[in-house]
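Just so you know, these numbers come straight off a predicted model, no measurement behind them. Every chain is numbered from 1, with letters handed out A, B, ... down the list of sequences.
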2 protein chains.
Amino acid sequence: MSPEAPPAARQARTQQERRERTRSALLDATVECLVDLGYSGTTVHEICRRAGVSRGAQQHHFTTKAELMAAAVEHLFQRLRDEVSGSLQAPPGPERVHEAIDLLWRGFSGELSTAALELWVAARTDDELRRSMLPVDRALGRSTLEIYRDAAGVDVPDEKLETLYWLTVNLTRGLALDAMIGGDPARRARLLDEWKAIAAAAYHDVGRPGPRSGRPTP
Amino acid sequence: MSPEAPPAARQARTQQERRERTRSALLDATVECLVDLGYSGTTVHEICRRAGVSRGAQQHHFTTKAELMAAAVEHLFQRLRDEVSGSLQAPPGPERVHEAIDLLWRGFSGELSTAALELWVAARTDDELRRSMLPVDRALGRSTLEIYRDAAGVDVPDEKLETLYWLTVNLTRGLALDAMIGGDPARRARLLDEWKAIAAAAYHDVGRPGPRSGRPTP
DNA sequence: GCATGTACCTTCCGAATGGAATGTTTTCCG
DNA sequence: CGGAAAACATTCCATTCGGAAGGTACATGC
């Protein structure tokens, strides 16, 4: 091998490159473990194995397991934000409401959200983990809401949109839980459809009476 | 001590009594551990310690930890059913809807539900546990729905009531999760109120247009 | 090129966990 | 009573986990 060999596939080994590579390998493996094995089944050994990283390398980057988890939280929530923030296509109106609800549902029922749930449940009885997660989760909620606020247009008062958003998020999380524990998929689909109708009505007819089933205001 | 001593506070020691006592002590301690320490923090040692039961006695009743957990699931869900099945007082109408939603909320945001959540999340990655939980959870869901169906009266079609019930349950579970992870209590109260209004409208005006905010049909 | 620090690897260790083995007490029943 | 069985207790063991210690390979700056 010539000293000046610039090639090829296997060479991008500046220190920073090296560092970044194993770091994200560890974080991705952590998320993968959370999804596959749950929090209690996630061990640093297994994370290292999946990441193809030695035990020592892991300790070099994240001294303690808690530190690794804290970093994984940020990594995870960043990816989750990207997933849940796909932009809306439909023009303003009921169709857009349907689309937005679908988007939230897909986001909060995916693998990343599963990993986040594992972390949240674990954080309930782990102060350090909870302190790591709280601000990151708050930021995720706010920034996601912001996106939907922008997409909604001006004809919907802030307060109402916010209420609708949080109702949808919480319902969606409940449904995601239902999916996790083996609930009936058909029932979930029905509930989601029903909620879309309700939300579209509430969204469209601000503060005034309006039809509840089917499309609003024919 | 006389052989025929029949007394007093400390004597009810038929075998069955003895058995039942330590059994339920173990199961209660298991639930308590789940609430306090989470699933991953729940060890048989700690369960025995809290139950005031020796390691050997526990193994006599539940050979393996999985067996203990399976029994705890039934124990827990039975208590949960009692909690969530308090009977409704209000006369049929919007007030009763509010009351029913409150009842579900209280049930699904209490300690017992927290323990159940720990178990469900653990069961996601534990086939044996999931097999134990699924039928018990289904039974809980059905029997609770039955109670609310009876309470609703005849003026609401089954399908609509069922939809409303499951929407409420899932929303409530999402809100319970939000509470668990340190969400804003005021926001939760607002969302719950809003949902009560929506549900009352849907319940009251079956299939016909109706008011969305405030009390329906003045 | 060579010293230096960063990234990485191997190996060991104490603590804790679930389960097994074995011994003791209490109730039951003839 | 007295033996049998059930309930309960003590102790030990293999495994596994997270963390520490100590050494090696690699990139960078002079």
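To the nearest 0.5 Å, atom CG of residue B/Asp126 and atom OH of residue B/Tyr39 are 5.0 Å apart. Separating the CZ atom in B/Phe108 from the CG atom in B/Leu171 is a distance of 12.0 Å, to the nearest 0.5 Å.
Partners of A/Arg190 by salt bridge (charged side-chain N to carboxylate O under 4.0 Å, His left out), not counting sequence neighbours: none found. The side-chain hydrogen bond (donor to acceptor under 3.5 Å, both in side chains) search around B/Asp158 returns B/Arg149, not counting sequence neighbours. Under the salt bridge (charged side-chain N to carboxylate O under 4.0 Å, His left out) criterion, A/Arg124 pairs with B/Glu118, sequence neighbours left out. The salt bridge (charged side-chain N to carboxylate O under 4.0 Å, His left out) search around B/Asp127 returns B/Arg130, not counting sequence neighbours. In this view, A/Tyr165 and A/Tyr148 satisfy the ring pair (Phe, Tyr, Trp, His ring centres under 6.0 Å) rule, not counting sequence neighbours.
For the segment residues 114-122 of chain A, the set of residues with a heavy atom within less than 4.0 Å of an atom of DNA chain C is empty. For the contact set between residues 28-39 of chain B and DNA chain C, defined by any heavy atom under 4.0 Å, there are no members.
Under 4.0 angstrom from either OP1 or OP2 of C/dC8 there lies at least one side-chain N or O belonging to A/Thr22. Taking only side-chain nitrogens and oxygens, B/His61 never comes nearer than 4.0 Å to OP1 or OP2 of D/dA6.
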Would you be so kind as to tabulate the donor-acceptor pairs closer than 3.5 Å made by side chains of residues 68-79 of chain B, with sequence neighbours excluded?
from, atom 1, to, atom 2, distance (Å)
B/His75, NE2, B/Asp28, OD1, 2.7
B/Arg79, NH1, B/Asp28, OD1, 3.0

Donor-acceptor contacts under 3.5 Å from residues 100-107 of chain B side chains, at least two apart:
from, atom 1, to, atom 2, distance (Å)
B/Asp102, OD1, B/Lys196, NZ, 3.0
B/Asp102, OD2, B/Lys196, NZ, 3.1

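Atom P of nucleotide D/dA6 and atom CZ of B/Arg23 are separated by 16 Å, given to the nearest angstrom. Atoms CZ (B/Phe62) and C1' (C/dG18) sit 16 Å apart, rounded to a whole Å. Summarising the geometry, the separation between CD on A/Glu67 and P on D/dA20 is reported as 11 Å, rounded to the nearest angstrom. At whole-Å resolution of the value, CZ in B/Arg19 and C1' in C/dC28 are 15 Å apart. Protein atom NE2 of B/His60 is 18 Å distant from nucleotide atom P of C/dT22, rounded to whole Å. When the C1' atom of C/dT17 is taken as reference, atom CG of B/Leu68 falls 14 Å away, rounded to whole Å. The CZ atom of A/Arg18 sits 16 Å away from the P atom of C/dG5 (whole-angstrom rounding).
Sequence neighbours left out, the pairs with a member in residues 50-60 of chain A that pass side-chain hydrogen bond (donor to acceptor under 3.5 Å, both in side chains) are A/Glu32-A/Arg50, A/Asp36-A/Arg50, A/Glu46-A/Arg50, A/Arg55-A/Gln58.
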What's touching nucleotides 28-30 of chain D from the protein side, N or O pairs under 3.5 Å?
from, atom 1, to, atom 2, distance (Å)
D/dT28, OP1, A/Thr14, OG1, 2.9
D/dT28, OP1, A/Gln15, N, 3.2

Which pairs, protein N/O on one side and nucleotides 16-19 of chain D N/O on the other, fall under 3.5 Å?
from, atom 1, to, atom 2, distance (Å)
D/dG18, OP1, A/Lys65, NZ, 2.7
D/dG18, OP2, A/Val44, N, 3.0
D/dG19, OP1, A/Thr64, OG1, 2.8
D/dG19, OP2, A/Lys65, N, 2.9
D/dG19, N7, A/Arg55, NH2, 2.6

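Side chain of B/Ser113 to backbone of B/Ser109: no donor-acceptor contact under 3.5 angstrom is found.
By the 4.5 Å heavy-atom criterion applied to side chains, B/Cys48 and B/His45 are not counted as neighbours.
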